[in-house]
There are 2 protein chains.
Amino acid sequence: MSETINRPGRRIARPATVTLKHVAERAGVSPITVSRVINTPDAVSEALREKVGRAVEELGYLPNRVAGALASAESRVVPVIVPSLSNAVFIEVIQGVQEVLEVAGYQLLLGNTQYDLQREQDLAATLLGWSPAGVIIAGLRHTDRTRAMLQAWRRPVVEIMEHGTRAIDMNVGLSHYKAGDAMGEHLVSRGYREIGFIGGRLKADYRALHRYKGLERSLARHGLRRRPPFTHESKSSPQLGGDAFMRALDASPDLDAIFFANDDLAVGAILRAQREGIAVPKRVAIAGFNGFGIGELVQPSLTTIVSPRQQIGQIAANKLIARMQGRESGAASVDVGFTLRVGEST
Amino acid sequence: MSETINRPGRRIARPATVTLKHVAERAGVSPITVSRVINTPDAVSEALREKVGRAVEELGYLPNRVAGALASAESRVVPVIVPSLSNAVFIEVIQGVQEVLEVAGYQLLLGNTQYDLQREQDLAATLLGWSPAGVIIAGLRHTDRTRAMLQAWRRPVVEIMEHGTRAIDMNVGLSHYKAGDAMGEHLVSRGYREIGFIGGRLKADYRALHRYKGLERSLARHGLRRRPPFTHESKSSPQLGGDAFMRALDASPDLDAIFFANDDLAVGAILRAQREGIAVPKRVAIAGFNGFGIGELVQPSLTTIVSPRQQIGQIAANKLIARMQGRESGAASVDVGFTLRVGEST
DNA sequence: AGATATAATGGTTGCGCTACCATGAATAGC
DNA sequence: GCTATTCATGGTAGCGCAACCATTATATCT
C-alpha cells in the first residue's frame, strides 16, 4: 500500500491578511493574549495592552469578526425584520433600535419582508445562519415554520409593533384594536355619525385592519352604521391619501368623518381638502394614526393617535441586550400604549 | 519524556446543531455534495438535489453563514454607511440599495456615523471585519485612515450622494455645489434680490454647505449681497424650519427669498407662513432641496431641487453587484444630476 | 517560611464550512 | 474498441479565532 502522494486541500495562498497570529508574533506574545487585549482588555496587564496595541497599529490589524463568530458561535449582530422601509413608522423603530444597539457594540442587519410572510420565513432562516445575538421582528403573525424556527432557537427574540399574548419570546407594542376603538369613541363623542375608514393593503397590513376592526366595534357600540373600508393597493403616501379622500367623498357624500389608516394618508387628505376648498372638519372630519410631526403643522392640525415608535425600538433593543448579557431572564411583554392627540381636524 | 496526558481544547459540547455533515449522513452523500446542492444546485444531478433536499427538510437544517463566510473569505453582506437615519434622504437611498441587494441575495448591514468621521472610521474597521462583499458609504470626505483602509481592501467600494473626482473606487452622486448655484440662478431670474440661506449643522453636513457655496457663487455672479447662512444645531424638521424662518425674517426683514438646506425645513416654513399669514412668495419666496412629495402638496407648492435618491441607491448597489460578479471591471463615476422643480413658492 | 489564593499568560483543539484537487463514471470521437 | 473529454462526486485541509484547561508568576495569609 503506497503512501498517498497527493495531499489535497488548500494550496493556493489567499491574499495576505494580517491575522491575530501576526500581531502576536510582532508583539512577542501568544495569539490568545492578543485576543484578550482586544476583547477583554481588563483581563490583561497594562504593559501587554500597550505592546499589543502597538503591534496592532503597526500592522493595521483588523479583527476578523467572522472567525470570531464561528469560534464563539455568536456574532454581535442583530437582525431587524420589518415589513416595509417606505413606511416612516418602521424607520423610526429602526432608528430607536440602532441607537441602543450601537452603544452596546452590536450591528444591525436589515431585513425587509414586504408584508410577505413567506419572504419573512426565508429571511429569518437566512439571518439565523449568521448566529446573531438576538432577533427583532415586526408583528406577532408569522408562518408556523417561522414561529417554530425562532422558538427552537435558543436566543432572545422580540416581536414588536403590536401587543398580544401569544408572543414567541418577548413582545413590545400596542393594541391597534384598542387604538381604533379609541378613535371611534372620540369621533362619536364629537358628534360625527357617518364615519368611514380609508386604508390600503389591509390584508397584508393586518395591524391597519385591526384599527378598522376597533373602529367598527366602537361604531357598533353606538348603533352607528359600519361601512366597509375604502381600500387601495398601492403604498400609502399623501398623494394617494388625497386621491382616496376625493373618491370616498364622491362615492359616499354622506360621510361626515373619515379615519385614515395612517397619517401619511390623512395629511394628504387635509392638504387636498385645502386645495379643493373642502371645509375640514365642518364638511368632513379627518383623523389619522401615528402621530407624525407634520400633522401638527398642517391646517387644520390633524387629530391622530400617537404611537411611541422610536421608544418601541429602544425598549426592544434594551430588552434584547439585557437578556444577552444575562441580566433579566424571563420573557416579558410590554404594552407601550398610545395617546389620542386631538387637533383641529375633528 | 512522558506523553501529554492532558489534551486541552474544547471538551464541552455545544448545544446540538444540525450541520452539513448531519445532512450528508442522512442523505448518504458527502458534505461537499450537500454544500453544492445548496450553493450551486445547477452543478448537481436532479436525483441528488432531491435526496439532499429531503434530508435538509427532515433535519430542519439552517446553513451556517458564518462558517461559510470564513471558509470562502467572503460574506454575502454589504454594509451601508450613512451619516444619519433621521434624514429621509438616506432612508430612500437605503431603500434603493436594499431592493437591489435583496434580489441578488445579499444582506444589508446598517452603519450610522451621525456625521462623525471618527465614528465612520471605527464603523468601517468593524464592518470590514465581516468580510463583506462590498461597501457602500455616503460622502467623499473621510479620515485619511478610512480612505487608506478602504483603498487597501480588495473589494468594491461605492461612495454615494455627492459626485466628485477623488473617489476611493466607484462613485454615484450629484454636485451639490451646482445644485445651489442652479437654485440661485432661478431665484435671481425670478427677480429676487435679497436672498438668504437657512440650514443646520453646516460643518458636519458639508453637502448642505456646498449648496450654500453654490448659491453664493450665483449671487456673486450677479453682484448681489451674500449673507452668512442662518444656522442652527438641531436636526432638521418642519417644526425647526418654521421657527428658523420666523427668526430669520425677524433678524433680516429685507429678505425677499430664502433657500432652505432641505425640504423638511422649507415645508415647515411654508406651513408656518400659512398660519402666520405671511404671503409666500409675495412677501418672501421659499425654496428647498430634495424633492420630497410633500412639497407638491403644500400651498403654495414648493420650488425645490429634486435629487434621484432612490436611484442613487439602486445604481450604487447595481455597480457593486456587477463588480462582485466579475461583470464590469474598472472604477467608474456616475453623476446622476438633479432637476429644478418650480412650484408656486418662488 | 511555607502554604494557599489570585492573577496573568499560554497551548491545543475545533467551530462549520468551502477551496482545491483527485477520481470514477458516462459520453463522445476516431 | 480504445482513448479523450466531459460530468458528477468525494477527500482533505484550513479559513482565523475563542473556549477550555494548564501553567506559571505574584500576592496574601498564617
Side-chain angles (χ1 to χ4, degrees), chain A residues 2-25 27-49 51-52 56 59 61-76 128-131, chain B residues 3-25 27-49 51-52 59 61-76 128-131:
Chain A
S2 71
E3 282 280 340
T4 304
I5 299 294
N6 291 307
R7 315 277 294 139
R10 286 162 195 269
R11 264 169 261 174
I12 290 192
R14 293 192 181 188
T17 326
V18 180
T19 71
L20 256 197
K21 204 187 263 181
H22 300 132
V23 176
E25 280 165 14
V29 300
S30 80
I32 186 63
T33 301
V34 177
S35 167
R36 272 196 280 259
V37 169
I38 290 169
N39 295 310
T40 53
D42 294 336
V44 109
S45 71
E46 174 60 31
L48 266 190
R49 224 175 304 161
K51 195 161 56 172
V52 171
V56 166
L59 296 174
Y61 171 67
L62 294 178
N64 184 328
R65 315 268 159 190
V66 177
L70 180 60
S72 67
E74 169 156 337
S75 69
R76 292 178 78 79
L128 289 190
W130 282 105
S131 307
Chain B
E3 284 278 341
T4 304
I5 299 297
N6 292 306
R7 315 277 293 140
R10 285 161 196 269
R11 263 169 263 176
I12 292 190
R14 294 191 180 187
T17 325
V18 180
T19 71
L20 254 196
K21 205 188 260 179
H22 299 132
V23 175
E25 279 165 14
V29 300
S30 79
I32 186 65
T33 301
V34 177
S35 167
R36 273 196 279 258
V37 169
I38 291 170
N39 296 310
T40 52
D42 294 337
V44 110
S45 70
E46 175 59 30
L48 266 189
R49 223 178 305 161
K51 195 161 57 171
V52 171
L59 296 174
Y61 170 66
L62 294 178
N64 184 328
R65 315 267 159 190
V66 177
L70 179 60
S72 67
E74 169 155 337
S75 69
R76 292 178 78 78
L128 289 190
W130 283 104
S131 307

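In what follows, every chain begins at residue 1, and chains take the letters A, B, ... in the order their sequences are listed.
Smallest separation of non-hydrogen atoms from A/W130 and B/A69: CH2-CB, 4.2 Å. Taking both residues in full, the closest heavy atoms of B/I38 and B/Y61 are given as CD1-CE2, 3.5 Å, listed atom of the first, atom of the second, then distance. Residues A/A24 and A/S30 approach most closely at CB-C, 3.7 Å, considering heavy atoms. Contact between B/V18 and B/L59 at its shortest, heavy atoms only, is CG2-O, 3.6 Å.
Of the side-chain N and O atoms in B/S72, none sit less than 4.0 angstrom from OP1 or OP2 of D/dC15. Checking the phosphate oxygens (OP1, OP2) of C/dT18, a side-chain nitrogen or oxygen of B/S35 falls inside 4.0 Å.
Atom CG in B/N39 sits roughly 10 Å away from atom P in C/dC17 (whole-Å rounding). As a whole-Å value, the separation of A/N64 CG from C/dC17 P is 17 Å. Atom CG of A/L70 and atom C1' of D/dA19 are 12 Å apart (whole Å). What separates CD of B/E25 from P of D/dG11 is a distance of 12 Å, to the nearest Å. Protein atom CG of B/L59 is 15 Å distant from nucleotide atom C1' of C/dG16, rounded to whole Å. Note: CH2 (B/W130) to C1' (D/dG16) measures 13 Å, nearest angstrom. Whole-Å rounding puts the A/L62 CG to D/dG16 P distance at 13 Å. In this structure, the CD atom of B/E74 is 18 Å from the P atom of C/dC17, given to the nearest Å.
Between B/G28 and B/A67, the one whose closest nucleotide on DNA chain D sits nearer the 5' end is B/G28.
In this structure B/S131 satisfies the side chain to side chain donor-acceptor pair (under 3.5 Å) test with no other residue, sequence neighbours excluded.
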So which protein N/O to nucleotides 7-9 of chain D N/O distances come out below 3.5 Å?
from	atom 1	to	atom 2	distance (Å)
D/dT9	OP1	B/S45	OG	3.0
D/dT9	OP2	B/S45	N	3.0
D/dT9	OP2	B/S45	OG	3.4

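A donor-acceptor pair under 3.5 Å is formed between the side chain of A/S72 and the backbone N or O of A/E74.
In this structure the side chain of B/L70 reaches within 4.5 angstrom of the side chain of A/N64, judged on heavy atoms.
Residue A/L20 is classed as a sugar-phosphate contact, given heavy-atom separations below 4.0 Å to backbone atoms only.
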